[in-house]
Amino acid sequence: MREELAHDDYIAELRALVEHAATALLRLSDDDVTQPPSPDRWSRKEILGHLVDSASNNHQRFVRAQAQDDLVFPGYEQGDWVQAQRYREADWPALVTLWWMYNTHLVRVMEAVPLDIRFQPHYRHNLHEIAWQPVLPDEPTTLDDLMRDYGDHLRHHLAQLLPGDVLDVPSL
């Protein structure tokens, strides 16, 4: 039980991270978030849009994982999704609110996963294809590992969006 409680810590930290980041993101000006640092890089709006897409895809994975015997899920073409949704043209406060609301809900979903499902080892998965930090195809993994990976991916991109002096991002 002690190990399970330690695993819950990252979900509580994710909730705090989302709350702190939303406040800090809203302080950024439209000029700061619209222009990409270079022509081949995403703007801050596009990075946040990518995080909305990540939340959307992982939401489905976290829910579906509870009703299937494996951790095999479809991937998505991240660049195509960002381009198709024209995030650079989005209203910044509305985009931040969407990201905040989706992640607040996703944290609730994560907390609701029964522990036996969350920690069940899966030998059939495609986390070598869809996870931010891939898991080798012949290594077992859990839904908890996928959820933790989601938080690490989120933290990575928030560090790009918010300078360290603006937001002290708690460790996940």
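When reading the values below, keep in mind they use all heavy atoms of this one structure, side chains included, and skip hydrogens, waters and symmetry mates. One is the number of the first residue; the rest follow in order along the sequence.
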Looking only at side-chain N and O atoms, does Asp31 offer a donor or acceptor that is under 3.5 Å from a partner on Ser29? no

Should the pair His153 and Tyr150 be assigned to parallel (<30°), tilted (30 to 60°) or perpendicular (>60°) ring geometry? tilted

Counting only heavy atoms from other residues, nucleotides and ligands, does the tally under 6.0 Å from CD of Glu19 exceed 12? yes

Check: Asp91 side chain, Ala94 main-chain N or O, donor-acceptor pair, under 3.5 Å: yes

Shortest non-hydrogen pair, His128 vs Val135, comes out as CB-O, 3.1 Å

Asp69 atom CG, neighbour heavy-atom count above 12 within 6.0 Å: no

Looking only at non-hydrogen atoms, find the nearest pair between His157 and Gln160 and report the distance. ND1-OE1, 2.6 Å

Least distance between heavy atoms, Trp99 atom then Leu48 atom: CG-CD1, 3.5 Å

Distance from Leu143 atom CG to Phe62 atom CZ, nearest 0.5 Å? 6.5 Å

Taking side chain as C-beta onward, heavy atoms only, is Leu162 less than 4.5 Å from Leu28? yes

Check the pair Asp53, Gln78 against side chain to side chain contact (heavy atoms under 4.5 Å, CB included), reporting the backbone distance first and the verdict last. CA-CA 8 Å; Asp53 296 341; Gln78 300 170 11; over 6 Å; no

Considering all heavy atoms of both residues, which atom of Val72 and which atom of Asp70 are nearest to each other, and what is their separation? N-OD1, 3.3 Å

So do Leu17 and Arg15 actually touch side chain to side chain, heavy atoms under 4.5 Å? no

Would you say the side chains of Gln60 and Arg64 form a donor-acceptor pair under 3.5 Å? yes

Would a distance-only check, ignoring hydrogens and angles, find a side-chain to backbone donor-acceptor pair under 3.5 Å from Trp92 to Leu25? yes

Following the transitive rule for hydrophobic clusters with a side-chain heavy-atom cut-off under 4.5 Å over Ile, Leu, Val, Met, Phe, Trp and Tyr, establish whether Tyr123 and Leu127 coincide in one cluster. no

Co-membership, hydrophobic cluster, residues Val82 and Leu161, 4.5 Å side-chain: yes

What one should report as the nearest heavy-atom pair of Ala55 and Asn103 is CB-ND2, 4.1 Å

Quick one, Val52 and Gln85 - any side-chain contact, counting heavy atoms below 4.5 Å? no

Can you see whether Tyr10 engages Asp144 through a side-chain donor-acceptor pair at a distance of less than 3.5 angstrom? yes

Which heavy-atom pair separates Thr142 from Leu71 by the least distance, and what is that distance? C-CD1, 3.6 Å

Separation between CG (Leu136) and NE2 (His125), nearest 0.5 Å, reads 8.0 Å

Distance in Å, Gln66 CD paired with Gln120 CD, rounded so as to fall on 0.5 Å steps: 11.5 Å

Would you say the side-chain atoms of Arg61 pair up with the backbone N or O of Pro74, donor to acceptor, closer than 3.5 Å? yes

Backbone of Asp145 reached by a side-chain donor or acceptor of Asp149 within 3.5 Å: no

If you round to the nearest 0.5 Å, how far is CZ of Arg44 from CG of Asp30? 12.0 Å

Among Arg41, Glu46, Lys45, the one residue meeting side-chain hydrogen bond (donor to acceptor under 3.5 Å, both in side chains) with Ser43: Glu46

Do Met147 and Val113 have side chains that get closer than 4.5 Å, going by heavy atoms? yes

Should the pair Trp132 and His156 be assigned to parallel (<30°), tilted (30 to 60°) or perpendicular (>60°) ring geometry? tilted

Hey, are the side chains of Ser54 and Trp81 touching, using non-hydrogen atoms and a 4.5 Å cut-off? no

Would you call the rings of Trp42 and His50 parallel, tilted or perpendicular, where under 30° means parallel and over 60° means perpendicular? tilted

Please determine whether residues Val33 and Val96 belong to a single hydrophobic cluster, defined as Ile, Leu, Val, Met, Phe, Trp and Tyr linked transitively by side-chain heavy-atom distances below 4.5 Å. yes

hydrophobic_cluster_shared for Leu98 and Trp100, side chain cutoff 4.5 Å: yes

Single-linkage hydrophobic cluster, 4.5 Å side-chain cutoff, Leu26 and Tyr102 together: no

